[in-house]
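Every chain is numbered from 1, with letters handed out A, B, ... down the list of sequences. Just so it is clear, the values below take in all heavy atoms, side chains as well, and ignore hydrogens, waters and symmetry mates.
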Number of protein chains: 2
Amino acid sequence: MLDVRRLRLLRDLAHLGTIAAVAEAHTYTASAVSQQLAALQREAGVRLLERAGRRVALTPTGAALVRHTEVVLAALEAAEATLAAGRDGLSGGVRIGAFPSAVRTLLPAALVALSREHPALDLTVTELDPVAVPAALRQRRLDVALTHDYDIVPAEPDPALDSTPLLNETVFLAVPAAHDPPGRQDERTDPVAGARDADWIVGTPGTLCHAVAMHACQAAGYQPVVRHRADDFTALLALVAAGQGVGLVPELALSHPLPPVTLLPLALRRRTSVAYRRGAADHPAVAACVAALRTAAASITADRPPTDPPTATDPPNASG
Amino acid sequence: MLDVRRLRLLRDLAHLGTIAAVAEAHTYTASAVSQQLAALQREAGVRLLERAGRRVALTPTGAALVRHTEVVLAALEAAEATLAAGRDGLSGGVRIGAFPSAVRTLLPAALVALSREHPALDLTVTELDPVAVPAALRQRRLDVALTHDYDIVPAEPDPALDSTPLLNETVFLAVPAAHDPPGRQDERTDPVAGARDADWIVGTPGTLCHAVAMHACQAAGYQPVVRHRADDFTALLALVAAGQGVGLVPELALSHPLPPVTLLPLALRRRTSVAYRRGAADHPAVAACVAALRTAAASITADRPPTDPPTATDPPNASG
DNA sequence: CGAAAACGTAAGCTGAGCTGATGCTTGACG
DNA sequence: CGTCAAGCATCAGCTCAGCTTACGTTTTCG
């Protein structure tokens, strides 16, 4: 019978790439991980790892073993979910991760509803970028995470994770209000293409916001001139209003006293969803979080009827 | 993270009923099992067991946990199957269980083919009754097992096991050849009903053969008079030929120099199949065994064309 | 070409988990 | 209704799996 603890190390190695990183994630020493993986390999009777430079890579058999491990771990997660359901009330800690704009918009209402209906729940919110969500969930540093992806930067399906969709928003190109749409104004089909010569305000490298801005420009056939870096959309809007450049803003991030900017709707859409470990969907605490977030998302979309579906000819909240 | 070793103990407790039996199956002391289950319960935070008399019973939550455990174990089995597939050649030990008549009929050809094609395989055959097959597979005392069930005694689906069908045979009521069908001869619809007043030759209690004979008579509305007990069908046929009574005989068990008996085909059918642990279907050794048994079964049915489908008016091999 | 990163091996220590002993409760049986 | 065996839980004690620490080797990068 294979040892699940060792399989978990192998699974994490597949994602983290080095034994040292696996050790850090498990608060072990690298030596311990190396020994355990060696034991797993010995027990398996097949080569699972091989050195690749100064790191180790999985053999095809090792990768296949990881795929099976995902199933095992999902089943164990589901087992723990039923245990949690067997316990009397909804209690214990739930670590929620969310991207910054969700912490401001979606999350507060959901948190209020959750702590009202389940006062025994210990909710802990951590702000983190969507790119960090999968690893955080897998390494059990989070239980539930708000995340999103874009058409042009789709999240690759992760066998270890599951999710339910929450929102599907329009993304706008924010440009200074005083000006007309920058660049060639006849390019109405794609405002991003028209912003070829504009200065850009994007997120810091490594975040999803940064990646999507880069991809959008790349799809329009150019490399953007990055003038400013701002991860906070309110800050970004303020910079745009100050004439410092243009940037991408999702609908949810539009602050209510909107600075004087013009919002050009793009074909690009942002899909927000709640993610959790596969098998945890039946965990009562996770289910409660998902339900609360769904109602919060529903009330948000109800508050802003004209924005969904987007009316390209009449951008909402656009002020002159 | 739940400990799979402990979950396995709980799963086995669900089937074996007592901690002592689980301990014996794992070659532990009862104390060790008790401690591990207590630890599992502590870790789970829910009552999983409760004393019922001088034994322990699972709570509903405990039973739910067992169901999840089956999934976990099946995934681990599948993982080991891919490891075995990753190893160079087909090698290692394969413990095959089979009911007695299969050992004589189906198995030899399959064994010959297997050891010819995969000489590195260490085949070990154990004779055992189908009722013992599920426990033997679960407790890993066997890897593959030939088993069967009947329409009137269907094998309940076991979440821990999987199987592929091999044969579907007619069951006959064997009666002495000299006599006409015993009892009221007008009851052509059901020979078993006509054998109400006959002496019966059945298997020893606890075997599936015994159970199916009892069920068949019960379905015909009576309790059979059991004169002799014989598990071996050749012995049973000899007894019938000697006029000692009647008995049920499946098609596969008909010895080739058939004693002078009359065989009355019944509506009852016996379904033979190969069983293995769920998840092990992709294990190369298991797959090879299944394939060999399938071809053996196919050649047997090809050898006896008139018997499948059965011709009720002209019982095969019936001699006067 | 030194230095850091990454992995593996050897030695030593600690706790999880086993055995064995003991006591309690339950059910069967005369 | 007393006796006995079956079955489970708890306690004490011991052993080894598995961790850390230390060190050596290989690779990559500045």
With a 4.5 Å cut-off on side-chain heavy atoms, are T207(B) and V202(B) touching? no
### Query
Do D162(A) and Y276(A) have side-chain heavy atoms sitting under 4.5 Å apart?
yes
Atom [atom1] of [X] to atom [atom2] of [N]: distance rounded to whole Å?
X	N	atom1	atom2	value
L9(B)	dC8(D)	CG	C1'	15 Å
L49(A)	dC7(C)	CG	P	10 Å
I19(A)	dC19(D)	CD1	P	13 Å
H26(B)	dG17(C)	NE2	C1'	15 Å
E50(A)	dT26(D)	CD	C1'	16 Å
R55(B)	dA6(D)	CZ	C1'	9 Å
E24(B)	dC8(D)	CD	P	12 Å
L48(A)	dG8(C)	CG	P	12 Å

Checking all strands, does [X] fall into the base, sugar-phosphate, or nothing category for heavy-atom contacts under 4.0 angstrom?
X	value
A32(A)	base
Q35(B)	base
T29(B)	base

R54(B) vs dA5(D): side-chain N/O to OP1/OP2 distance below 4.0 Å: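 For R54(B), the contact criterion (side-chain N or O under 4.0 Å from OP1 or OP2 of dA5(D)) is not met.
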Inset, instruction - Check whether any side-chain N or O of R5(B) sits under 4.0 Å from OP1 or OP2 of dA17(D), and answer yes or no. - result: no
Exercise for review: Answer with yes or no whether S31(A) presents, from its side chain, a donor or acceptor under 3.5 Å of a partner atom in the base of dT21(D).
Suggested key: yes
Take R11(B) and E70(B) through the test salt bridge (Lys or Arg N to Asp or Glu O under 4.0 Å) and record every step on the way to the result. CA-CA 8 Å; R11(B) 197 272 309 246; E70(B) 302 284 14; 3.2 Å; yes
Checklist entry - So which one's nearest nucleotide on DNA chain D is more toward 5', T18(B) or Q36(A)? => result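 Comparing both residues, the 5'-ward one is T18(B).
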Note to self: Need to verify one output field. Residue with the more 5' nearest nucleotide on DNA chain D, A30(B) or G53(A)?
What the structure shows: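 So the residue in question is A30(B).
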Of dG8(C), dG17(C), dG18(D), the nucleotide closest to the side chain of R6(A) is dG18(D)
Quiz prompt | Nucleotide nearest R51(B) when distance is taken to its side chain, options dA9(D), dC7(C), dC19(D) | solution =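 Between dA9(D), dC7(C), dC19(D), the one nearest the side chain of R51(B) would be dA9(D).
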*Would a distance-only check, ignoring hydrogens and angles, find a side-chain to backbone donor-acceptor pair under 3.5 Å from R6(B) to Q41(B)?*
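A pair under 3.5 Å: no.
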(request) Give the minimum heavy-atom separation between A216(A) and L248(A), together with the two atoms involved. (result)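 Nearest heavy atoms, A216(A) then L248(A): CB-CD1, 4.2 Å.
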